Amino acid sequence: MNVASDADGFENKTDTTNEQGETAKFAAEKKLSATAAHQGYTLIGVSFVVFELIFLVLYSNDFWFLNRSDFWGDLNVYGLGIPTVLIAILIAHLVLLWVESRYGCIFFAPIWKRRPPIVYRRWLRLNENELYPGLSFGQRHVIWEAIDEIELTFWGNLRIFSSALSGNPSVKTTKSFFPFFRSEGLEEVLKFPFSVGNLEDQKFLIEAMRHHNPQLRMNARLTKRLEQKDVKGTALVQQFGVVFLLVVLLDVGFSMFTFLEMLKNYYLCERTAIAAYREERKVAPIFFDQAESIRTHPIPVSWVSNKIMSSGKIASGVFQTRSDALWSMGRKAEAIESLKKAIELSPNTFRLNLRLARLLAQNDQRDEAINQLNEAIDNHASALLPRLYTLAITSDSQRARTYKSFLHDLDDELFASDLLWPPGTHLFLQDVFYRDDLTFIFDRLLNTDTSGIRGTKLNPKEKKHKAGS
């Protein structure tokens, strides 16, 4: 009897010690951080956004290469792509730290209810010293005793429900036949991303909830998640993904700034080629050669650079810009060939057909211009501009007949009948006209020349005639 009593006492002491150990473990202050892979993905994703904003500022403005009127091309951005990416990463890091800080949560409180809009490094804080024991997410805090039910959603968020606000649900509550419209019964008091933490921290969090509420209810998805084993190498694979995205970001940074430098040189070539002073016109070929050197010698290991220079709408835009530069220097045949390459890369852009038709017409290649306009009409049956272009380069004797033919086509393709319901309904054309369209069409229709007019209210000849009268 004495031996048995001693054994029972030992077991009771052991159980008491274990319970005290568990209580101490779950009562201690603890900070749960997001995984290194999540931090990396978040940082790279926001860095992409920051870098694109910097790129758009430079792409939309010319202050960075027209700093002084007596010197063209002050800043060469060819080698600044990767440093800009590193600066974007630093900015993204500082922004993310602020967003999930106390001040960031308070700033976004009207929308996010004192939760961080983005989880970067801080995930959850358990049993903070100055607060009643519980868990904190951002500036939201829930005590352990208030947590009655937890649910893992399809999107990886953990929802915490409590009866502290609404009381236990009534058994007489009418339930909808459709699951989506059934009442939850308990009030949701907090929701936060669950998958940003590692499996060990996830299990510790749920164990802490169970310790404080043994009657805690969980859905099947969360139970299945907790039963999973931590597969070795998963974190390493995720980190390799972060490294891959970083390499892609560096490649994008280098390629985009290379692209900017190339466009800048084509633009300065065109601008200096039509300048009033001979000294400026002399440097136009220099800018063109610099742009051509960048275009024809992309870095072999850069996938983005080779993609930009060889395919897609971006490459098409490069050849269009190149064509404009060549045309401004009087190299008309090369300009036409470059624009044909642009159309080859982006065949459904009828604006390129119009641009090529203008160049061909100005180069006395009327038949080829007509072919380009017909192609534009075939691809855009209800467009007006290609038809106006065709009328402008059609002889006077054939113009009226061509106009009637086009009107019949538009009736078939667009207008159909004037009697539409409800009364007062009319179909309309909505082509966008640029200045080049107006001058090309109406200079030929009116047999005039407006090449010397740019921003003046009166034709110089008319102004002179009024002065003489």
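The model shown is predicted, which means the values in this text are computed figures rather than measured ones.
- Here the shortest heavy-atom pairing between A376 and N353 reads CB-CB, 3.8 Å.
- For the atom pair CD1 (I160) and OG (S162), the distance works out to 9.5 Å, reported to the nearest 0.5 Å.
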(message) As a quick check of understanding, evaluate side chain to side chain donor-acceptor pair (under 3.5 Å) for N129 and E29, giving each step before the final call.
(response) CA-CA 7 Å; N129 288 330; E29 183 178 5; 3.0 Å; yes
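- Annotation for R115: atom CZ counts as buried by contact number, over 12 foreign heavy atoms lying within 6.0 Å.
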(message) Using the rule given for side chain to side chain donor-acceptor pair (under 3.5 Å), can you reason through Y120 versus H93, listing the C-alpha separation, both sets of side-chain angles and the distance that settles it, and then say yes or no?
(response) CA-CA 9 Å; Y120 176 41; H93 173 70; 2.9 Å; yes
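- Of the possible donor and acceptor atoms, none in the side chain of S338 sits under 3.5 Å from a partner among the backbone N and O of E334.
- Looking at H297, its side chain never comes within 3.5 Å of a backbone N or O of E292 through a donor-acceptor pair.
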(request) Apply side-chain contact (heavy atoms from CB on, under 4.5 Å) to the pair F433 and L388, showing each step before the final yes or no. (result) CA-CA 11 Å; F433 286 73; L388 291 179; 3.7 Å; yes
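- Residue pairs meeting the salt bridge (Lys or Arg N to Asp or Glu O under 4.0 Å) criterion with at least one partner in residues 340-354, sequence neighbours excluded, are E337-K340, K340-E368, K341-E344, R351-D437.
- The shortest distance between side-chain heavy atoms of L58 and F63 falls below 4.5 Å.
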(request) Kindly indicate, with the supporting measurements, whether the criterion salt bridge (Lys or Arg N to Asp or Glu O under 4.0 Å) is fulfilled by D324 and R355. (result) CA-CA 10 Å; D324 295 339; R355 170 65 179 165; 2.7 Å; yes
(message) Test side-chain contact (heavy atoms from CB on, under 4.5 Å) on Y267 and F287; report intermediate values, then the result.
(response) CA-CA 8 Å; Y267 170 79; F287 288 124; over 6 Å; no
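- Between the side chains of S163 and D148, at least one donor-acceptor pair of N or O atoms lies under 3.5 Å.
- Between E100 and R121, some side-chain heavy-atom pair lies under the 4.5 Å cut-off.
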(message) Quick one, F137 with V119, criterion side-chain contact (heavy atoms from CB on, under 4.5 Å). Give me CA distance, side-chain angles, the key distance, then yes/no.
(response) CA-CA 10 Å; F137 177 63; V119 177; 3.7 Å; yes
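- For Q39 (side chain) and A34 (main-chain N/O), a donor-acceptor pair under 3.5 Å exists by modelled atom type.
- Contact record, P110 with K113: O-NZ, 3.9 Å, taken as the closest heavy-atom pair.
- Applying the side chain to side chain donor-acceptor pair (under 3.5 Å) test to pairs two or more places apart or on separate chains, those with a residue in residues 233-253 are D251-S255, D251-S302.
- S323 places no side-chain N or O within 3.5 Å of a backbone atom of F319 that could act as its donor or acceptor partner.
- The aromatic rings of Y78 and F254 lie perpendicular to each other, with more than 60° between the two planes, well past the 30° mark.
- Legend: residues meeting side chain to side chain donor-acceptor pair (under 3.5 Å) with Q202, ordered by chain and number and at least two apart, are R225.
- With values rounded to the nearest 0.5 angstrom, W303 atom CH2 is found 10.0 Å from N306 atom CG.
- Between N61 and W64, the closest heavy-atom pair is O-NE1, 2.8 Å.
- A parallel orientation is assigned to the rings of W144 and H212, their planes being inclined by less than 30° (bins at 30° and 60°).
- The distance from atom CD1 of I314 to atom NZ of K307, rounded to the nearest 0.5 Å, is 10.0 Å.
- Across every non-hydrogen atom of W327 and A335, the tightest pair is N-CB, 3.6 Å.
- Separation of atoms CG (L126) and CG (L205) is listed at 6.5 Å; rounding is to 0.5 Å.
- Between L190 and F161 there is no side-chain heavy-atom pair separated by less than 4.5 Å.
- Considering only heavy atoms from C-beta on, T321 stays 4.5 Å or farther from M262 through its side chain.
- The backbone N or O of A28 lies less than 3.5 Å from a partner atom in the side chain of N127, making a donor-acceptor pair.
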(message) Test side chain to side chain donor-acceptor pair (under 3.5 Å) on N265 and E261; report intermediate values, then the result.
(response) CA-CA 6 Å; N265 281 286; E261 182 64 21; 3.2 Å; yes
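- Between the side chain of R221 and the backbone N or O of L152 there is at least one donor-acceptor pair closer than 3.5 Å.
- Side-chain contact between F350 and I377: absent, with no pair of heavy atoms (C-beta onward) separated by less than 4.5 Å.
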(request) Go through I150 and R159 one step at a time and tell me if the side-chain contact (heavy atoms from CB on, under 4.5 Å) criterion holds. (result) CA-CA 6 Å; I150 52 179; R159 302 174 68 192; over 6 Å; no
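- When all heavy atoms of L345 and S311 are compared, the closest pair comes out as CD2-CA, 4.1 Å.
- Between the side chain of T272 and the main chain of C269, a donor-acceptor pair closer than 3.5 Å is present.
- Listed by chain and residue number, nothing satisfies the salt bridge (charged side-chain N to carboxylate O under 4.0 Å, His left out) test with R140 (two or more places apart in sequence, or in another chain).
- Of all the heavy atoms in L249 and S47, the pair that sits closest is CD2-CB, 3.8 Å.
- Residues K264 and D62 fail the side-chain proximity criterion, which asks for heavy atoms closer than 4.5 Å.
- When side chains are defined from C-beta on, E149 does not count as touching L216, because their heavy atoms never get closer than 4.5 Å.
- Listed by first and then second residue, the salt bridge (Lys or Arg N to Asp or Glu O under 4.0 Å) pairs involving residues 127-138 are R125-E128 (not counting sequence neighbours).
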Distance-only donor-acceptor hits, side chain of residues 378-386, under 3.5 Å, sequence neighbours excluded:
| from | atom 1 | to | atom 2 | distance (Å) |
| --- | --- | --- | --- | --- |
| N379 | ND2 | E375 | O | 3.3 |

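- Side chains of F259 and V304 form no contact here, defined as non-hydrogen atoms less than 4.5 Å apart.
- The backbone N or O of W98 lies less than 3.5 Å from a partner atom in the side chain of S101, making a donor-acceptor pair.
- Crowding of Q228 atom CD: a count of heavy atoms from other residues, nucleotides or ligands under 6.0 Å exceeding 12.
- The cationic atom of R322 (NZ for Lys, CZ for Arg) does not lie both less than 6.0 Å from the six-membered ring centre of Y266 and within 45° of the ring axis.
- You'll find the ring centres of F204 and F26 inside the 6.0 Å limit.
- The distance from atom CG of L356 to atom CD1 of I343, rounded to the nearest 0.5 Å, is 4.5 Å.
- In this structure, CZ in F51 is found 12.5 Å from CD1 in I44, a value given to the nearest 0.5 Å.
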